[in-house]
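The sequence lines fix the lettering, A, B, ..., with proteins before strands; numbering per chain opens at 1. Note that the structure is predicted; figures quoted are calculated from it, not measured.
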Amino acid sequence: MPELPEMETYKTLLNQKVGGKTLTGVSINREKSINVSPADFVNIVQNERIEVIERRAKHLLFHLKNGHVLLVHLMLGGRMFYGTEQEKPDRTVQIQLSFGNQHLYFIGLRLGYLHLFSEAEVKQELTDLGPEPLDANFTLDSFLDLVKNRRGKIKTTLVNQEFLSGIGNCYSDEIAWHAQLLPKRKMNELNDNEKVQLYQSIRFILQQAIQYGGYMDQPFFKGDTKTGTYDNKKYVYGRAGEACKRCGTSIVKEEISSRKTFYCKGCQT
DNA sequence: AGTTGAACCCGGACGC
DNA sequence: TGCGTCCGGGTTCAAC
């Protein structure tokens with residue numbers, strides 16, 4: 001499931017591919033994926049130019065010239081592909097946005113969606129999100145302040161979108177491993193050094209994952225070599241039974257707060 | 001404030 | 001090849 005680094009990668013590539021382009025066609029194959037009637041959706045979106053694509057947490061915002069915004073959340077299993085009819089993967093397409101003979105395909109949307117809002121409405125939709133962990137304003141001091149009243153586990157706190165936005169199941173494990181902390185440790189039981197380390201690991205892991213194009217291994221377009229190269233860089237997530245890259249101990253998989261969690265018993269404490 | 005559990009959704013993996 | 005069954009998992013919401 002795409003998290004911050006995956007959406008950041010999509011954002012960069014989308015701006016290159018469709019930023020400034022005009023939507024020539026819209027095809028809605030699954031009405032549940034949108035929040036207005038298909039007719040209204042087409043009326044507002046068709047022949048409109050996409051000015052810029054922005055990311056907020058795990059969402060993407062397609063800003064249209066007419067002031068409307070397409071708010072995308074891929075949730076689980078959702079993905080996008082850009083290319084011609086021939087290049088598109090052999091998968092069910094829920095929504096298709098066309099730019100001449102090139103199309104942006106939304107695939108695997110189940111709980112994921114493409115909602116149409118005004119600028120004011122979209123702002124309202126995103127009000128409950130916590131800070132962006134990679135924002136320049138998100139300093140060590142602001143992190144320590146944020147953590148002050150937290151008593152939950154590292155794992156559940158990191159994936160809480162109201163605490164920090166954009167971190168999901170995969171990167172919370174990667175961050176805890178990098179910080180050498182057990183995911184089930186309580187926030188309020190961390191000492192100052194551990195809190196500082198956690199902050200630094202959040203920034204490091206997310207930045208590194210973006211640099212490697214995230215871990216979604218399906219290409220965004222034909223010939224895409226950027227997307228998904230973090231997949232074989234992963235330290236713990238999905239590596240149960242494999243050797244820890246730091247100490248060699250076998251990585252374990254355990255359910256923590258009803259979430260699949262991976263960590264190393266050898267070097268995380 | 002934290003935790004748990006259910007509901008949402010359906011493509012695709014799996015079993016026979 | 002085909003049919004039935006069940007899983008995954010971010011988010012929301014209710015209950016404790």
Side-chain angles (χ1 to χ4, degrees), chain A residues 1-10 27-35 55-61 71-81 88-96 105-115 117 121-122 124-133 143-176 182-190 195 198 206 209 214-218 231 234 236-240 253-263:
Chain A
M1 58 306 352
E3 304 176 28
L4 187 154
E6 288 69 40
M7 299 314 282
E8 184 69 19
T9 303
Y10 274 131
S27 168
I28 310 289
N29 302 324
R30 181 173 178 274
E31 291 190 26
K32 282 184 178 178
S33 300
I34 59 177
N35 61 331
R55 182 188 62 74
R56 177 74 176 97
K58 304 176 190 174
H59 305 263
L60 288 183
L61 288 73
L71 180 69
V72 175
H73 196 309
L74 296 175
M75 297 288 253
L76 53 145
R79 53 175 287 216
M80 289 176 272
F81 183 85
K88 118 178 153 53
D90 183 23
R91 290 277 307 270
T92 311
V93 172
Q94 284 78 37
I95 296 179
Q96 173 180 333
Y105 298 100
F106 291 84
I107 299 165
L109 295 184
R110 299 176 206 181
L111 302 176
Y113 53 82
L114 199 75
H115 286 177
F117 291 115
E121 286 167 339
V122 82
Q124 184 59 37
E125 287 290 314
L126 303 175
T127 45
D128 290 338
L129 290 173
E132 285 287 330
F143 176 73
L144 293 176
D145 205 43
L146 204 58
V147 159
K148 211 179 288 175
N149 302 318
R150 290 284 164 177
R151 288 171 291 138
K153 299 183 182 84
I154 291 178
K155 175 75 180 178
T156 48
T157 307
L158 287 180
V159 299
N160 181 349
Q161 300 301 295
E162 295 180 27
F163 170 73
L164 264 185
S165 61
I167 299 171
N169 213 31
C170 171
Y171 291 106
S172 56
D173 286 357
E174 295 290 290
I175 289 164
L182 290 169
K184 65 184 97 173
R185 286 281 298 283
K186 295 287 187 63
M187 278 294 189
N188 56 316
E189 290 169 6
L190 300 181
K195 287 176 185 168
L198 187 57
L206 294 177
Y215 73 91
M216 303 267 292
D217 54 358
Q218 294 119 332
D231 194 42
K234 294 203 305 281
V236 283
Y237 193 76
R239 297 189 68 241
K253 175 182 173 182
E254 193 177 302
E255 189 118 326
I256 296 180
S257 305
S258 59
R259 283 174 175 279
K260 203 167 54 171
T261 307
F262 298 86
Y263 65 96

Tabulate protein N/O versus nucleotide N/O from nucleotides 7-11 of chain B, keeping only pairs under 3.5 Å, one per line.
unit_1, atom_1, unit_2, atom_2, d
dC9(B), O3', R30(A), NH2, 2.9
dC10(B), OP1, R30(A), NE, 3.2
dC10(B), OP1, R30(A), NH2, 3.3
dC10(B), O2, R110(A), NH1, 3.3
dG11(B), N2, R110(A), NH1, 3.3
dG11(B), N3, R110(A), NH1, 3.4

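- With sequence neighbours left out, K253(A) forms a side-chain contact (heavy atoms from CB on, under 4.5 Å) with A240(A), K260(A), F262(A).
- Whole-Å rounding puts the L4(A) CG to dG10(C) P distance at 14 Å.
- In this structure, K260(A) atom NZ and dG9(C) atom C1' are separated by 8 Å, rounded to whole Å.
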Distance-only check: which donor-acceptor pairs under 3.5 Å involve side-chain atoms of residues 143-151 of chain A, not counting sequence neighbours?
unit_1, atom_1, unit_2, atom_2, d
D145(A), OD1, K148(A), NZ, 2.9

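- One interatomic measurement links the two molecules: CD of E189(A) to P of dG2(B), which rounds to 13 Å at whole-angstrom precision.
- I154(A) contributes atom CD1, which lies 10.5 Å from atom NZ of K195(A) (distance to the nearest 0.5 angstrom).
- Per the geometry, CZ belonging to R79(A) stands 18 Å off C1' belonging to dG9(C), to the nearest Å.
- Taking only side-chain nitrogens and oxygens, H73(A) comes nearer than 4.0 Å to OP1 or OP2 of dT11(C).
- Taking atom CD1 of I256(A) as the reference point, atom C1' of dG2(B) lies 15 Å away to the nearest angstrom.
- Here ring pair (Phe, Tyr, Trp, His ring centres under 6.0 Å) pairs that include residues 151-170 of chain A, with residues two or more places apart or in two chains, number zero.
- In summary, of the residues considered (E6(A), E8(A), Q161(A)), a side chain to side chain contact (heavy atoms under 4.5 Å, CB included) with K58(A) occurs for Q161(A) alone.
- Residue P2(A) forms a side chain to side chain contact (heavy atoms under 4.5 Å, CB included) with just one option from L60(A), L76(A), L74(A), and that option is L74(A).
- Spacing between atom CG of N149(A) and atom P of dG2(B) amounts to 9 Å, rounded to whole angstrom units.
- Atom C1' of nucleotide dA1(B) and atom CG of L146(A) are separated by 14 Å, given to the nearest angstrom.
- Contacts between residues 150-165 of chain A and DNA chain B, defined by a heavy-atom separation below 4.0 Å, involve R150(A), R151(A), G152(A), K153(A), T156(A), listed by number.
- The stretch residues 164-176 of chain A participates, sequence neighbours left out, in these salt bridge (charged side-chain N to carboxylate O under 4.0 Å, His left out) pairs: K155(A)-D173(A).
- Under the 30°/60° scheme for interplanar angles, the aromatic rings of F117(A) and H115(A) are found to stand perpendicular.
- In this structure, NZ in K88(A) is found 6.5 Å from CD1 in I107(A), a value given to the nearest 0.5 Å.
- Side-chain nitrogen and oxygen atoms of S258(A) include none within less than 4.0 Å of the OP1 or OP2 phosphate oxygen of dT3(B).
- What separates CE of M1(A) from P of dT11(C) is a distance of 11 Å, to the nearest Å.
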